[in-house]
Amino acid sequence: MQFSVIERFIKYTTFDTRAKMDAEEFPSTPGQLVLARALVEELRSLGMSEIDLDENGYLMATLPATTKKTAPTIGFIAHLDTSYEMAGANVKAQFVDYQGGDIVLNAENGIVLSPHEFPDLNKYVGKRLITTDGTTLLGADDKAGIAAIMAALEHLIAHPEIEHGKIRVAFTPDEEVGHGADRFDVAKFGADFAYTLDGGEVGELQYENFNAAKAYISVKGRSVHPGKSKNKMINAIQVAVELNNMLPQHQRPEYTEHYEGFYHLNEFNATVEEASLFIIIRDHDRAKFEGMKKYLQDCITLLNQRYGEGTVNIRLIDQYYNMREMIEPVWHIIELARQAMLDSGIQPLVTPIRGGTDGSRLSYMGLPCPNIFTGGHNAHGRYEYVPVFALEKSVEVIVRIAELAAA
């Protein structure tokens, strides 16, 4: 199969769609709408129907069925935004025919992509990679997903002899800041089930994700002249540090993998008078997740007993839950994706998502939605890259899913 996926991906990376945390606007940044409007024109040029871009930045469209058989309506979903953690403007993608060793992304700034730090590179000796120039992220998360879906649509339209049922596609805003499913209209989308194209390494098939919560913690201190502060001062910095040190060190992200959960101190601001911490809590097991939340609250109770009631306050918010509970009753959609990968010459790599996707929340909103690879590595930073063949295989899997579902 020949696809336009690489050209599309490179074009999409030139759009600055960096999301903004805690923005009042929806979507959080205007660049997401700019890309969405460009996709509207592309969908029209392909001949798609029911193209709809709403005021919130959700773009949906339909590829009508080519089969007369009874077939499910399948959805394919990717997100428009890129991570808020790294610059996404003026992306200059580079092609590298990788022969092993270090890749110099930016000689001027001494930025190197090395297999010593990123050993997955060793899997791609002899392959062509798309990398950054070391000054921005690449945007494969999730513009690779958008490109794969668009290229698959183009291929199916160009080959009407491939029988498939009705296909719905959606491109969503603000996934990276946790709002991708906030205003997604599941009834309007009208799919029986869907797949997000938002995965990493080639072959990834994911139907488990973290249970997730976020904790906003404030500490009230009491500032007194340090020369006369005995039994008077409450140093908010020290109390905040004490709280963080009460959390198990082995349950930090840098020490965990696979199904292991963590507490992550994501932000910390402090003076003697006041401090604030932003902590995220993650675990695949719901009971362990609930226990981790309780432990954090117990730590705060202890500190308030030690320093006075109201010294430490917490606002704890559940963000999303493990989608597996919603996927198991419709297990055939996993088998469908697995077979599509095998038919495409790919060994499925079933891994838990150490994060969340739009699909985790959509699954709880009534749209079962596991996740499929696009090939990207090292998302959210300057060392992001995607192997060309992996992105092409992602397109092949989409096409095969559509074909198998109508068989």
Would you say CZ of Phe278 has more than 12 non-hydrogen atoms from neighbouring residues, nucleotides or ligands within 6.0 angstrom?
yes
Could you check whether any side-chain N or O of Ser394 sits under 3.5 Å from a backbone N or O of Phe373, counting only pairs where one atom can act as donor and the other as acceptor?
yes
Can you see whether Asn371 engages Glu204 through a side-chain donor-acceptor pair at a distance of less than 3.5 angstrom?
no
Distance only, no hydrogens: is a donor on one side chain within 3.5 Å (strictly under) of an acceptor on the other, for Thr351 and Gln206?
yes
Could you check whether any side-chain heavy atom of His380 comes within less than 4.5 Å of a side-chain heavy atom of Thr82, counting everything from C-beta outward?
no
Any side-chain donor paired with an acceptor under 3.5 Å for Arg282 and Gln251?
no
We want to know whether His258 and Glu260 form a side-chain donor-acceptor pair, criterion being a heavy-atom distance below 3.5 angstrom.
no
Fit a plane to each ring of Tyr195 and Phe193, take the angle between them on a 0 to 90° scale, and name the class: parallel (under 30°), tilted (30 to 60°) or perpendicular (over 60°).
perpendicular
Would you call Arg37 and Glu41 a salt bridge, taking side-chain N to carboxylate O under 4.0 Å as the test?
no
Side chains of His79 and Asp198: does their closest heavy-atom pair fall under 4.5 Å?
yes
Do the side-chain N and O atoms of Tyr12 and Glu7 include a donor-acceptor pair separated by under 3.5 angstrom?
no
Less than 6.0 angstrom from the centroid, inside 45 degrees of the normal: does Lys143 satisfy that with respect to the ring of Phe9?
no
Under a 3.5 Å cutoff, is there a donor and acceptor pairing between the side chains of Arg168 and Thr62?
yes
Glu274, CD atom: more than 12 neighbouring heavy atoms under 6.0 Å
no
For Phe210, run the ring pair (Phe, Tyr, Trp, His ring centres under 6.0 Å) check against Phe262, Phe289, Tyr321 and tell me which one passes.
Phe262
Hey, is Arg400 close enough to Glu396 for a salt bridge, meaning N to O under 4.0 Å?
no
Are Arg183 and Asp54 ion-paired here, with the side-chain N under 4.0 Å from a carboxylate O?
no
Is it true that the side chains of Ser28 and Asp174 contain a donor and an acceptor less than 3.5 Å apart?
yes
Applying ring-ring contact (aromatic ring centres under 6.0 Å, His included) to Tyr124 and not counting sequence neighbours gives His377
A quick test of your reading: do over 12 heavy atoms of other residues, nucleotides or ligands sit less than 6.0 Å from NZ of Lys20?
no
Between Ser4 and Glu154, is there a side-chain donor-acceptor contact under 3.5 Å, judged purely by atom types and distance?
yes
Strictly below 4.0 Å, N to O, side chains only: are Lys188 and Asp52 in salt-bridge contact?
yes
Just how far is it from atom CZ of Phe76 to atom CG of Leu63, taken to the nearest 0.5 Å?
10.0 Å
Salt bridge (Lys or Arg N to Asp or Glu O under 4.0 Å) partners of residues 75-102, not counting sequence neighbours, each pair once
Asp97-Arg128
Sequence neighbours excluded, which residues qualify as ring-ring contact (aromatic ring centres under 6.0 Å, His included) partners of Tyr259?
His284
